[in-house]
Every structure is written in C-alpha cells, then in structure tokens.
There are 2 protein chains.
Amino acid sequence: MAVTLKQIAEIAGVSRGTVDRALHDRGRVSPEVAERVRRIAEELGYHPNAVGQALARSRKQIKIGIIVQSAETPTMKIVVEGAEQAARALQKEGVEVVIRTMESVDAIQEMLYLDELMEMGIHGLAITPADDAIICEKLNEIADQGIPVVTFNADLPQSRRMCFVGQDNARAGRTAAGLMALMVAQDGKVATITGHLRNDGHRMRCTSFSEELRCIAPGIMTLPIQPCFDRDDCAYELTQHLLAEHPDLAGIYVAANGQHGVCEALREAGRDGKVRVIAYDVTPQNIDELRQGTISILIDQTAREQGSRPLMLLRDFILYGRRPEHSFCYTGITLKTRYNL
Amino acid sequence: MAVTLKQIAEIAGVSRGTVDRALHDRGRVSPEVAERVRRIAEELGYHPNAVGQALARSRKQIKIGIIVQSAETPTMKIVVEGAEQAARALQKEGVEVVIRTMESVDAIQEMLYLDELMEMGIHGLAITPADDAIICEKLNEIADQGIPVVTFNADLPQSRRMCFVGQDNARAGRTAAGLMALMVAQDGKVATITGHLRNDGHRMRCTSFSEELRCIAPGIMTLPIQPCFDRDDCAYELTQHLLAEHPDLAGIYVAANGQHGVCEALREAGRDGKVRVIAYDVTPQNIDELRQGTISILIDQTAREQGSRPLMLLRDFILYGRRPEHSFCYTGITLKTRYNL
DNA sequence: TTGAAAGCGCTAACAA
DNA sequence: TTGTTAGCGCTTTCAA
C-alpha cells in the first residue's frame, strides 16, 4: 500500500490537516513543523493519491470555457468533436465545460465570447486566438486574474498563456519533405500549394518543406510556392496550369486547404495516382481521396487531440495543481495512408 | 452536478446500499425494489462516478501478474518499459504489479512462472504466451477460476483469454505494401526478408504484403520471401546475394528482425538511401538507421503500449468491472520517418 | 431483504 | 498555528 497523509501525520505527531497544508504550501503551518513533515514525506516517498484528491476537490463545481474559431472547416469540426468528447468525460468528474464556436476568425466576436465566459465565472480558458493585439491584451488580463489560459491550434506566444497545444508546423513541413524525397525521383519536379502566404502556420510548413527538400534532395526541382487561399477552385486552376506547364510533375505538396481542387485537376488530367500528393489532416473527404489513391499520404495534426488536450491540461492544473512541463505542447505528427487510417 | 447514488436512494426511498446492490446485481434485493431503483436510475441518467468507485475499491489490495517472453530483444525491452511505467502509475492507485521476464520462449519456464504468480494470489494476468498446448490449457484453468487473462504481443486465440493486445499484422503488411508502391517505380523489383517462415505474425506480415502489392502494383516484381531467422548475419548474406543478382533492386521489406544486416550490406554496396527499406519498430538501433537514411520508413507496433495496455485493461476489469469491447485490441500502426520520431 | 455505518485519501471550513 | 470534522461517491460489512 502506498504512503498516505494519515501515516505521515501519525509519524510527525500532527493532524492530517497540518500535513496537507505543509506539503502543499497552503500556509498556516510553522516553518519547523512544515520542514519536519516534508522530510518525513520525502523519506517515505509520499505521492498524493490522485483519486482521493479528485474526489475531495470534486466538491467545488469548476467550469472551463473553450472558444473555437472557424469551427465549420473540416479540421476544426474534428477539433470540436474532441472538445465535446473531453467535455463529456470531464462532466463525470464534476467539471463543466462551456463551448463557444464561431464560423469565422473574428476578433470582435471573440472578445464578446471572452466577456461572456468571464461573466459566467470560468476557472480556466482554452482558445484558438485571433491574431490581434486586443485579444492578446484580453488574455493577459484574464491570466493575471489567476485564470489559466491555453491556446490551441493557433498560438499567441507573446501572451501570458500557460501553454499552447498544436502542431509543430516546421517539423510537419520537414516530415513532408522527407516523404516526398522518398517518393519522387531524384530529378523530379515538385510543386507546393499553400493557403495564405501570410498565415504563420502555412508559411512555416512551406519554408521548412522547401529548405529540407533542398537539403536532402538537391536534385529535385521545386517550383515556386503558390497560394490558393484555402479554396478548392483556386487550387484546381493552379494545378491545371502546373500540369500543362510541367507534364512531368512528380509531386505536389498541399500545405493547407485546397487539396480537393488539386485532386480534381489531377483526375481530369489522368495524373491521379501518378503524381504523389502530400496533404494535411484526416478529414472525411481526405479519407476518400486517400482511398482513391489521389492523395498519397496525409500528415495528421491529430485534430481531435487539439480539442481534448487543452481541456485536460486545464483540469489538471485547476484540480490537481499540475502545471504542464513545457509552454509548447506539440501534438504528434501522424502519417496516414489508406491502410492505416 | 451529475446524478449520485444518494439521490436515487432518496427518490426511491431506500438506502444507498440497496441502490448499489440493485444497480450492480449483487443480489439481496427484492425484485420489485430492484426494478424501481433501476428505472429511476435510468430516468435520471445515472452513471457511476468512476473516481468514487476507485476510491472505495482501493481498499482491497489487488495484484496483477505479467509475464514477458524474449524480454531481451530490443522491441520487447520497450514492451517491458511500458509495463513498468504502467506499474508505477497503478501503484499509486493501490494496484500491485508483479513482472516476470524470461529471455527465451520457453513453455516450461513459463509454466513455472504461472504457478508462482497464481500462488501469490494475483487477481489478473497478462502474458505473452508460448505457442504450446500446455500453456493454453493452463490459461483456461486460470480463466475458469474467474481470473481475467490478457495475452499481448503474441496471441492464443483458441484459449479463454479475455482479450489480446497487439498489432494487426495483416494490416501492417498491407500498409507496408502501400508505402512500397508509393516509393518504387511501377516496374521495380522488391525483396522480402522475414524472420521465421512458421512464425504466425511474420507470415501474416509477409503474405499480406505480397498480396496487396500484387493487387495495387502488378508491375512490381516481387522476389521470393526469404527467412533470416531474425539474425543480422544471415540477413546480411541474403542481402549481399540479392544485390549481386539484382543490381536494380528497388526495395526491401524486412518483416521481422535482421534489418541491421540488411542495412550493413546496403551500405557496403553503396546502395543505402537508394534502395527503399521498410522495417519494423522504433528501437534505438532502428532510429539510427532511420537517421542515416538507410531505413526509409519504420512501421511501429507501439511496443510501449503493448506493455501498458494489458495492465490497464486488467485494472479496468478488476476495479471497475469494465470488460473490453472486443476480444482483439489492436494497437495502432504508426509510421515513422526520421522526421517524426 | 434491507439499512446503518465505516472507510477509501484527500481538502477545506471552522474552531480552538 | 494547529486540530477537528464533515464530506466528496462509492463499496462492503454487520446488524436488524
């Protein structure tokens, strides 16, 4: 049996309450007693029993708020699902989760939601922040009130958030480069289509991809990066032009959305399955493309985890006082073919 | 706040003990009362609070035994690590885990350990079973005493084990085929090196690989499957011969151990990085090969999970009465390149 | 067949 | 500064 508070209390000749206060620095304990208790706990190898802690703390009803942007996109839908799933699990632990979703990326709307949640008296906040100074300001204000803030999917690194949960885009880009190098000939041509040139995540994925590819396969010719603004119609046209100009195109790296336009153009040209396509995220439509063989490999950002993890981190902090080890909590980079979905 | 036993008891006008007995079919409750209680619980959407359950049950000290074969191999070492990690976590919940490892695959030794563990009074058993009738017999005997048995890494499907935790080798083989088809030209030559021809897992990985490859890339020429008995020296020679006979060899699928012999031969012939190599499991040495670029892609069977998951499943069953949904619990098929380790 | 009560390990309000 | 106590939700023993 593991060591308990009670045992320590008996050995130290004090009450359990005192031990609890001493070990958790809750004050109201004389330094000498605190020191003695801590020493005994150390010697006995005491670890608080998480189940007991959880049960005791379940008394106070805690509330966590979560705000999700662009919730209608396929990927963010999965993020929301992950959040809902976590919310159900947390409910059984007595933690209430309030979800607010918005269709667009709108700092004003987001501010309104932030105010609403704060008024509801949340004990923690998870958010996909708009890249805007007023949001950053607001998050700092919230953090300063002692309410932990976790950003996810998108980050605001200069804010006083507790941590960020999301993908390491640079690493994802390099991973894509490694795969592309494995799949196309050493003198092949590879095109890159991205979403927005000034989106931080998209840019990171593209530059890392290009740099790494140049480094490991200098013979491969990389065509200029082209943005499709996350639109399939635009990506479709871009791909048509690419195929016309470069009939020997060997691979396409789609760093953001637009992959379906790319696939459509490839099919029309009868080049699907020939041109290697690397795209992002396991969404229902992407799964179809994978099954058809038009997309070769998907890099997944484990969207579900991006929805659930922030809530769990907040719960751990609020309920158990556990602070995340790093301020960046990168979710895995998972590779999917049609065979290991 | 979620519905509690107490609330149901109040509404039903009975005690908490009675509600508990009624809802969990522990007997000693009149049918009418039981029925009424169940109805109320149903209406209120009652879900037992897992934290409360765990705390209450933590009173009885439970013990789980785990037996690991071939524990010295790189992969099984990771499995053992996973088990040890889980054991530490379980210890904090008051669950004791007894680990027994053996170097070889030895049914007699395994029997001895089984007897030892049974005498220690274990409440659950996890085991990598030797493929032997007496082990099967013994496991059935244990299962019939009401002690749940989980096989992992290797299975004994005809036994009355509760479930198996491990990789879906057929799927892994198909995944490898899909990747190989993406990496080598449509008229390339691919070789398969396996461990033992009569090892169930190895065979499954190979046949699925060949079948799938023939199906999706009929132009690819597959050379006959050759066993290396999991030995690097043997695999080294096989590879040398392969390279001599087929200077244009495009890919090698290594379905079991021996990959380092393969890599060595490739390096000597200056074909490393040219010939695509798919191998199994994220072990330290494999990571090196991946980094060097000699192995192209690793298929991981998430060995760590194979060590921890069985213990968690047993804990869930013993402590919470949760039975696994399926009798096969496949761990993921994870793809690793040097970039997403 | 049922109820009462103790107890799992911990927290926190209150009293001293 | 310290101790006492109630209670989180559930299981289980003992009496009735």
Does the side chain of B:Asp281 come under 3.5 Å of the side chain of B:Thr75 through a donor N or O and an acceptor N or O?
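Yes, because at least one side-chain N or O of B:Asp281 sits under 3.5 Å from a partner of the opposite role on B:Thr75.
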
[X] [atom1] - [N] [atom2] separation (whole Å):
{"X": "B:Gln7", "N": "D:dG7", "atom1": "CD", "atom2": "C1'", "result": "15 Å"}
{"X": "B:Glu35", "N": "C:dT1", "atom1": "CD", "atom2": "P", "result": "16 Å"}
{"X": "A:Leu5", "N": "C:dA12", "atom1": "CG", "atom2": "C1'", "result": "13 Å"}
{"X": "B:Arg26", "N": "C:dT2", "atom1": "CZ", "atom2": "P", "result": "16 Å"}
{"X": "B:Asn49", "N": "D:dG7", "atom1": "CG", "atom2": "P", "result": "18 Å"}
{"X": "A:Gln53", "N": "D:dG9", "atom1": "CD", "atom2": "P", "result": "17 Å"}
{"X": "B:Leu23", "N": "D:dT12", "atom1": "CG", "atom2": "P", "result": "14 Å"}
{"X": "B:Glu10", "N": "C:dG3", "atom1": "CD", "atom2": "P", "result": "13 Å"}

Is [X] reaching over with its side chain to a backbone N or O of [Y], donor-acceptor style, under 3.5 angstrom?
{"X": "A:His123", "Y": "A:Lys63", "value": "yes"}
{"X": "B:Arg38", "Y": "B:Ala22", "value": "yes"}
{"X": "A:Gln306", "Y": "A:Gln301", "value": "yes"}
{"X": "B:Arg36", "Y": "B:Ala12", "value": "yes"}

For the side chain of B:Thr4, starting at C-beta, report the closest nucleotide among C:dT11, C:dC8, D:dG9.
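Ranking C:dT11, C:dC8, D:dG9 by closest atom to the B:Thr4 side chain puts D:dG9 first.
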
B:His24 side chain: which of C:dT11, D:dT11, C:dC8 is closest?
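Closest nucleotide to the B:His24 side chain: D:dT11.
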
Tell me, do B:Ile11 and B:Leu44 make a side-chain contact under 4.5 Å, heavy atoms counted?
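Contact flag for B:Ile11/B:Leu44 side chains = yes.
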
Is the shortest heavy-atom distance from the side chain of A:Ile64 to the side chain of A:Ile318 under 4.5 Å?
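Yes, close enough: below the 4.5 Å cut-off.
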
Cation over ring face, B:Arg161 and B:Phe328, 6.0 Å, 45°:
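Satisfied, under 6.0 Å and within 45°.
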
Name the pairs: protein N/O against N/O of nucleotides 1-4 of chain D, kept only if under 3.5 Å.
from  : atom 1 : to      : atom 2 : distance (Å)
D:dT2 : OP1    : A:Ser30 : OG     : 3.0
D:dT2 : OP2    : A:Ser30 : N      : 2.4
D:dT2 : OP2    : A:Ser30 : OG     : 3.2
D:dT2 : O4     : A:Arg28 : NH1    : 3.4
D:dG3 : OP2    : A:Ser15 : N      : 2.9
D:dG3 : OP2    : A:Ser15 : OG     : 3.4
D:dG3 : OP2    : A:Thr18 : OG1    : 2.6
D:dG3 : N7     : A:Arg21 : NH2    : 3.0
D:dG3 : O6     : A:Arg21 : NH1    : 3.0

DNA chain D contacts made by residues 40-48 of chain B, counting heavy atoms under 4.0 Å:
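Those residues whose heavy atoms fall under 4.0 Å from DNA chain D, taken from residues 40-48 of chain B in numerical order, are B:Tyr46, B:Pro48.
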
For the pair A:Asp132 and A:Lys138, find out whether any cationic side-chain nitrogen is under 4.0 Å from an anionic carboxylate oxygen.
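Here A:Asp132 does not pair with A:Lys138 in a salt bridge, since their nearest N and O are not under 4.0 Å apart.
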
Using a 4.0 Å heavy-atom cut-off, does B:Asp20 contact any base of the nucleic acid, only the sugar-phosphate backbone, or nothing at all?
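Result for B:Asp20 = base.
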
